[in-house]
Amino acid sequence: MSAPFYKFDLFGYETGLVIAFLIGVAFGFTLERAGFSSSRKLALQFYLRDMTVLKVMFTAIIVAMTGLLYLNLADVLDMSKIYLNPTVLYPQMLGGAIMGVGFVIGGYCPGTSLVASAIGKIDGFFYVGGALLGMLIYGEVFPFFQDLTTSGAMGNATLSDWLNLRPGVVAFLVILMALGLFYVAEMLEKRFGEKA
Amino acid sequence: MNSQPEKYWSPYLAGFVLGLVLLATFVIMGRGLGASGAMMRSVVYAVDQVTPAHIDNNPYFAKYGGGDKNPLDNWLVYEVLGVIVGGLLSGLLAKRLKFKTDKGPRISVKGRLALALTGGAIMGFGARLALGCTSGQALTGGATLALGSWAFMMVMFASGYAIAYFVRKQWI
């Protein structure tokens, strides 16, 4: 068992920053290749005409999820040392609801807006400017609703805790759901599809 | 020489590669990907240059840049610099580098830019409340089966679909 490498001190903080940059390059490159540098392509998701977002996201999730489970099972990776997003249910759901609105109005999410800006999309620049402004506003008003930001805190809860099923079973269900969604996505594109 | 932009990858190929990048991040670093956190840190850095006392007096800003803390000394900041370079590299190789505005046929460029700014602000605000964005929550938390990340993902897409009708002139 030697992964995650950083947590087992195979390299230090500064090497980690170099790795961060390289991982970022791979991440940004892939997002651009997926077509996520186009706001219209991203937004057509919400009109059932181009389901690329759903296909890319769920493929990525099931690949990484399955990889983690196998590496854990093979005793290569210590799952308890992998960062798990803490669950703080109410701000996450409210934030998600707000972001859905921002997504369909703005046409990007934060990561994709950076990639769009990198290749010269002017709506990308405006979106990034808006996002920075929105974050500044959030920080300014944060003291007024600080209590909300910790409400529904459930620590390191996972889907398998919630469903009371083993992680492998949950992963299997997630894969089934993803395959079902891919099938529906293909049907929708056949019917409403448009090349953006 | 063909100057047409190259086609995008198949969504399943792009998703597979993205999944491997995410898995590699977990294996090497023990953490996932992100984007909005680095943008937040840039905001704190900028405000800190103008009025450091304001950063120290606000509990949210102080977490990132209070006292001697440098908000840019962080893993995510370097990752996001890479994202920009990676996007640029892909666009360059695919002949997609060009100043243009993406929009549907029924809206003016000005209208689209105003909505991009507005939507960005809404998203930026929401992403801080939700403790992360599509990268940090949906993708990273999705792959680790984090409960709140899945709740976040479902609500975000439901909300997008619910609102889509009202801004359809922007896109279709």
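Applying a 4.5 Å heavy-atom cutoff, the residues of residues 21-36 of chain B that approach chain A are B/V21, B/L22, B/L23, B/T25, B/F26, B/V27, B/I28, B/M29, B/G30, B/R31, B/L33, B/G34, B/A35, B/S36.
In this structure, OG on B/S149 lies 9.0 Å from CD1 on A/I61, to the nearest 0.5 angstrom.
Of the listed residues (B/L20, B/V17, B/V83), just one forms a side chain to side chain contact (heavy atoms under 4.5 Å, CB included) with A/T30, and that residue is B/V17.
In this structure, the side chain of B/W171 does not engage the main chain of A/G107 through any donor-acceptor pair within 3.5 Å. Judged purely by atom type and a 3.5 angstrom limit, B/Q170 uses its side chain to pair as donor or acceptor with the backbone of A/I105.
Ring orientation note: the planes of A/F46 and B/Y161 are nearly perpendicular, at an angle over 60° on the 30°/60° scale. Note on ring orientation: taking the six-membered ring where Trp is involved, the planes of A/F182 and B/Y12 are perpendicular (angle over 60°, cut-offs 30° and 60°). In this structure, A/F145 and B/F125 have tilted ring planes: the angle between them lies in the 30° to 60° band. B/Y60 and A/Y138 have perpendicular rings, their planes meeting at more than 60° on a 0 to 90° scale where under 30° would count as parallel.
Between B/M123 and A/P110, the closest side-chain pair of non-hydrogen atoms falls below 4.5 Å. A heavy-atom distance below 4.5 Å is found between the side chains of A/M57 and B/T134.
Neither the backbone nor the side chain of B/V77 comes within contact range of chain A, judged by heavy atoms closer than 4.5 Å.
Among the candidates B/T101, B/L88, B/L97, the residue making the largest number of heavy-atom pairs closer than 4.5 Å to chain A is B/T101.
For the pair A/D123 and B/R112, the salt-bridge criterion is met [side-chain N within less than 4.0 Å of a carboxylate O].
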